[in-house]
Amino acid sequence: MYAQLIRELEQVTPIGGDVELNVTSLLSFPPAIRQFITWIMRQKLVQVGNVASYLNQDESATQTMMDLLVQKGLVEEERSAAGLQYQVPVRSSRNYRVPERIWKALDD
Amino acid sequence: MAKIISVHSFRGGTGKSNTSANLASIYAMEGMRVGVVDTDVQSPGIHVLFNMDESQMVHSLNDYLWGKCTIIDAAVDVTANLKQKVKGQVYLIPSSIKAGEIARVLREGYDVGLLNDGFQNLISELNLDILVIDTHPGLNEETLLSIAISDALAIIMRPDQQDYQGTSVTVEIARKLGVPTMYLVVNKVPQAFDQNQLKTKIENIYNCDVAAIIPHSDEVMTLASAGIFTLVYPDHPISAVYKQLAARLIA
């Protein structure tokens, strides 16, 4: 899985600027990245050690991959008392386009 | 470690909320601490099954999503509402039933990522064993998020041609997102149907286990969401089916 992840990551366009990572965009990722990112989401926060066990890799290779994931904007780092942790920055706001008069009627 | 179970269906009216409420009650009867989140912000309803009146709903999921309160503030201990002696506890996080607040959440949207943070906070702060997510039918961002972070997913469908097509979409997406455990639940099955034949047919179509076949029942219809079936009819065959489903989802 590790080799496939690296291959797929190299082809992913970085997320950043005005482009947000949202759950729907997960579906368009290549299969290994998609499964890996959703695994991290289920853990909520992961450390390199957890990821290394999951991928059956040593920590150095895993750290290289986590750095690549951060560069691509697919995970973000968080420093805590427990050390460096990673999470998936799913941040998206969704709304509906409805004529203003309908919203106004609902507000009244 | 707590388990997150999402209950979803592609179409409405399949019995998601009833299934969610029954699962939560079964786990609580077994002594577990259970949270139930109504993420169906567009058409909330599960609070009715828990006999929750408006006076109990000081805050809602909407308030949390707008930053007006913490998710814990929105959690209501509805264990006493079950009107049965249960060993565990049930907390419900309802969605607002006020028209203006439903409209506001549709108009302004919200940070879907907050849902994930909220789920995790509920689990840790309330020391939950199980978190049941009652989703909105069809697919939208919050549904996808719920599916993505779930340890187990129950997909509810009826033996209806429209449900057959829609369910295949949900199954495909759940597979893409690598949900560890996924079961189909076929609800409202006419008594005339051969259950074994139906189970085999559906399992072959989706290549996914059918964990429960729930026949159409006059008792369910007559109860009309005025209570939770497995608590009102603990010895009914349908209650036994729900209990088997509950066990499989956390196996």
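Predicted, not measured: the structure shown is a model, and the values here were computed from it. Chain naming here is simple, since letters A, B, ... match the order of the sequence lines and numbering starts at 1 in each.
Only the side chain of A:L26 comes within contact range of chain B, judged by heavy atoms closer than 4.5 Å.
Atom CG in B:L145 sits 11.0 Å away from atom OG1 in A:T24 (nearest 0.5 Å).
Below 4.5 Å, heavy atoms of chain A meet heavy atoms from B:I173, B:R175, B:K176, B:L177, B:G178, B:V179, B:P180, all part of residues 169-184 of chain B. Near-neighbour residues of residues 33-40 of chain B relative to chain A, defined by a heavy atom under 4.5 Å from a heavy atom of that chain, are none.
Contact of the A:R42 side chain with the B:I4 side chain is not registered, since no non-hydrogen atoms from C-beta on lie closer than 4.5 Å.
Between B:L144 and A:V23, the shortest heavy-atom distance links the atoms CB-CG1, 3.4 Å.
Results of the side chain to side chain contact (heavy atoms under 4.5 Å, CB included) test with A:K44 over B:I123, B:I149, B:D117 single out B:D117 as the only residue that passes.
The environment of CG in A:N56 is sparse: at most 12 heavy-atom neighbours from other residues, nucleotides or ligands sit within 6.0 Å. Annotation: A:E78, atom CD; neighbour count of heavy atoms from other residues, nucleotides and ligands within 6.0 Å is above 12.
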